[in-house]
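From a predicted model like this one, the values you see are computed outputs, not experimental measurements. Heavy atoms only: backbone and side chains are in, while hydrogens, waters and symmetry mates are out.
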Amino acid sequence: MIQNFKIYTYPPPETLSFDSQVESLFYSSLIHSHFITQNPEEAHLFFIPFSFHSGLSARAAAYVVGNYRTEFIYWNRTLGADHFFLSCSGIGHGADRNVVELKKNSVQVSCFPTTAGLFIPHKDVSLPPLANVHTPVHAPGSKSSSYLGYVRYNWVKESNIMEQLLADPEFEVESELSDQLTYEERLAGSKFCLFEYGPEISAIGEAMSFGCVPVVITDRPIQDLPLMDLLTWQQIAVFVGSSGGVNEIKRVLGRVVVEEYEDMRESAAVASKHFVWNDTPQPFDAFHMVMYQLWLRRHTIRYAEREWA
């Protein structure tokens with residue numbers, strides 16, 4: 001992939017802005033990378049450099065795609081199936097042909113978690129979230145945990161579960177006013193870190209890097225986990241529903257035996273290296289892992305000219 005993968009990017013608009021820092025970092029890394037080619041005939045994929053941000057209307061998206069399909073021949077060869085674009089919150093559905101093809105055929109690179117219903121598994125890709133702390137250089141060794149589980153004040157929104165967690169001495173709940181231990185010390189001192197699937201789950205990579213096995217509270221299958229093509233998430237995280245409350249969470253965690261836990265913890269710590277974003281991309285970091293997922297999607301159906309002319 002490193003030597004062969006080529007991407008042609010269409011001319012960008014005069015002003016280009018994104019909803020998130022991780023989008024900007026991916027875009028900057030991409031356009032300054034050796035993956036970019038000036039020869040569209042040798043490209044495996046085509047990048048649409050437009051701000052498909054949360055406020056963009058379906059009509060505006062249709063206008064962008066319509067311009068590219070008129071000015072260039074490449075969209076019509078696959079109806080957009082060898083194209084990809086950035087949209088942090090995801091592009092919604094629309095009736096216009098251009099929007100239909102963009103949504104159905106092109107690869108959407110979005111933030112994690114993506115707005116419900118706007119991510120298509122096996123086609124779209126989610127960006128590993130940007131860490132807010134300096135992650136350890138080396139995977140943590142075996143540790144003696146002070147708590148069964150740790151949860152930050154905004155990681156779980158379900159009030160009943162939060163009340164139960166606050167009342168259970170096996171869990172540490174950090175509030176905004178907590179100052180006895182640092183965030184990193186709490187991650188390193190807990191066996192499991194609890195997240196409710198939602199915006200705050202973006203800290204999952206930070207937890208993994210400190211050897212805190214993620215516990216994801218969700219009542220539906222999660223389809224937009226980062227690096228789903230590359231990671232077996234069931235081996236590095238625990239998934240549990242919310243209906244049974246803390247008792248059910250403790251029951252599920254109690255079934256994780258010591259040997260299995262150590263394997264999960266070590267696997268999570270190793271996998272967290274693929275969540276690291278660098279100003280200058282490094283091998284196996286988040287940028288290269290996203291590029292590898294795009295590489296896996298390079299095989300597309302090329303329609304015969306008579307079908308689209």
Side-chain angles (χ1 to χ4, degrees), residues 1-2 5-40 42-57 60-61 63-65 67-68 71-72 74-75 80-92 98-99 102-103 105-115 118-120 123-132 199 202 205 224 226-230 274-298:
M1 178 198 80
I2 296 295
F5 193 21
K6 296 300 178 185
I7 292 172
Y8 179 79
T9 177
Y10 290 116
E14 292 184 5
T15 59
L16 191 61
S17 62
F18 298 103
D19 281 346
S20 68
Q21 186 180 353
V22 70
E23 278 181 293
S24 298
L25 189 52
F26 174 79
Y27 176 74
S28 175
S29 298
L30 175 63
I31 62 172
H32 292 104
S33 73
H34 64 275
F35 296 113
I36 296 298
T37 178
Q38 302 304 316
N39 179 9
E42 69 174 11
H44 298 94
L45 294 179
F46 295 81
F47 175 57
I48 304 173
F50 195 82
S51 303
F52 290 95
H53 52 76
S54 57
L56 184 73
S57 66
Y63 178 78
V64 172
V65 174
N67 281 346
Y68 284 132
E71 296 178 23
F72 300 89
Y74 310 108
W75 180 276
D82 56 357
H83 287 56
F84 70 99
F85 62 96
L86 273 171
S87 176
C88 189
S89 57
I91 287 290
N98 294 319
V99 177
L102 179 72
K103 182 65 180 176
N105 300 336
S106 301
V107 179
Q108 172 183 280
V109 180
S110 56
C111 298
F112 173 72
T114 309
T115 305
L118 300 186
F119 186 92
I120 301 177
K123 177 181 75 70
D124 296 339
V125 174
S126 60
L127 297 169
L130 194 64
N132 294 316
S202 59
D224 64 333
L227 313 183
M228 287 196 73
D229 298 322
L230 313 176
H274 303 315
F275 284 64
V276 176
W277 289 94
N278 297 295
D279 291 333
T280 301
Q282 303 297 322
F284 304 107
D285 66 0
F287 172 71
H288 281 97
M289 293 298 100
V290 173
M291 294 305 297
Y292 182 65
Q293 290 184 98
L294 290 172
W295 165 255
L296 295 177
R297 288 158 172 76
R298 72 193 184 281

Report yes or no: do His83 and Tyr10 form a side-chain donor-acceptor pair below 3.5 Å?
yes
Distance-only polar pair, side chains of Thr37 and Glu42, donor-acceptor under 3.5 Å
yes
Pairwise side-chain contact, [X] with [Y], heavy-atom cut-off 4.5 Å (strictly under):
{"X": "Val125", "Y": "Met228", "answer": "no"}
{"X": "Trp277", "Y": "Val22", "answer": "yes"}
{"X": "Phe35", "Y": "His288", "answer": "yes"}
{"X": "Val99", "Y": "Val65", "answer": "no"}
{"X": "Phe85", "Y": "Leu102", "answer": "yes"}
{"X": "Ile91", "Y": "Leu118", "answer": "no"}
{"X": "Leu127", "Y": "Leu25", "answer": "no"}
{"X": "Pro226", "Y": "Phe112", "answer": "yes"}

Got a donor-acceptor contact below 3.5 angstrom from the Asp124 side chain to the Gln108 backbone?
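Yes, Asp124 side chain to Gln108 backbone: donor-acceptor pair under 3.5 Å.
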Quick one: does any side-chain atom of Lys123 pair with a main-chain N or O of Ala81 as donor and acceptor, under 3.5 Å?
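Judged by distance alone, no pair lies under 3.5 Å.
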Taking atom [atom1] of [X] and atom [atom2] of [Y], what is their separation to the nearest 0.5 Å?
{"X": "Ser29", "Y": "Asp279", "atom1": "OG", "atom2": "CG", "answer": "8.0 Å"}
{"X": "Leu130", "Y": "Ser202", "atom1": "CG", "atom2": "OG", "answer": "9.5 Å"}
{"X": "Gln293", "Y": "Arg298", "atom1": "CD", "atom2": "CZ", "answer": "13.5 Å"}
{"X": "Ile7", "Y": "His44", "atom1": "CD1", "atom2": "NE2", "answer": "10.0 Å"}
{"X": "Lys6", "Y": "Trp295", "atom1": "NZ", "atom2": "CH2", "answer": "10.5 Å"}
{"X": "Phe50", "Y": "Ser17", "atom1": "CZ", "atom2": "OG", "answer": "9.0 Å"}

Could you check whether atom [atom1] of [X] has more than 12 heavy atoms from other residues, nucleotides or ligands sitting under 6.0 Å from it?
{"X": "Gln282", "atom1": "CD", "result": "yes"}
{"X": "Tyr292", "atom1": "OH", "result": "no"}
{"X": "Asn39", "atom1": "CG", "result": "yes"}

Ring centres of Phe26 and Phe287 under 6.0 Å apart?
yes
Check: Tyr68 ring centroid to Trp75 ring centroid under 6.0 Å:
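Distance test on ring centres: not under 6.0 Å, no.
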Please report the C-alpha distance between Phe84 and Ser106 in whole Å, then the side-chain angles of each, then the deciding distance to 0.1 Å, and finally whether the side chain to side chain contact (heavy atoms under 4.5 Å, CB included) criterion is met.
CA-CA 5 Å; Phe84 70 99; Ser106 301; 5.9 Å; no
I need the minimum non-hydrogen distance between [X] and [Y], along with the two atoms involved.
{"X": "Pro12", "Y": "Pro49", "result": "CA-CG, 3.7 Å"}
{"X": "Glu23", "Y": "Cys111", "result": "CG-SG, 4.1 Å"}
{"X": "Ser110", "Y": "Cys88", "result": "CB-O, 3.6 Å"}
{"X": "Asp224", "Y": "Ser126", "result": "O-OG, 2.7 Å"}
{"X": "Asp19", "Y": "Ser89", "result": "OD2-OG, 4.4 Å"}
{"X": "Leu30", "Y": "Met291", "result": "CD1-CE, 3.9 Å"}

Hey, are Arg297 and Asp82 close enough for a salt bridge, meaning a charged N less than 4.0 Å from a carboxylate O?
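Judged by the 4.0 Å cut-off on N to carboxylate O distance, Arg297 and Asp82 do not form a salt bridge.
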In sequence, state the C-alpha distance, the side-chain angles, and the governing distance for Phe47 and Leu86, and then conclude on side chain to side chain contact (heavy atoms under 4.5 Å, CB included).
CA-CA 9 Å; Phe47 175 57; Leu86 273 171; 4.2 Å; yes
Might you work through the side chain to side chain contact (heavy atoms under 4.5 Å, CB included) test for Phe284 and Met289, ending with a clear yes or no?
CA-CA 6 Å; Phe284 304 107; Met289 293 298 100; 4.0 Å; yes
Taking only residues two or more places apart in sequence or in another chain, which ones pass side-chain contact (heavy atoms from CB on, under 4.5 Å) with Tyr63?
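In terms of side-chain contact (heavy atoms from CB on, under 4.5 Å), with neighbours along the sequence ignored, Tyr63 is linked to Asn67.
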For a side chain to side chain contact (heavy atoms under 4.5 Å, CB included) check, start with the C-alpha distance between Phe275 and Leu227, then their side-chain angles and the critical distance, and finish with the verdict.
CA-CA 9 Å; Phe275 284 64; Leu227 313 183; 4.1 Å; yes
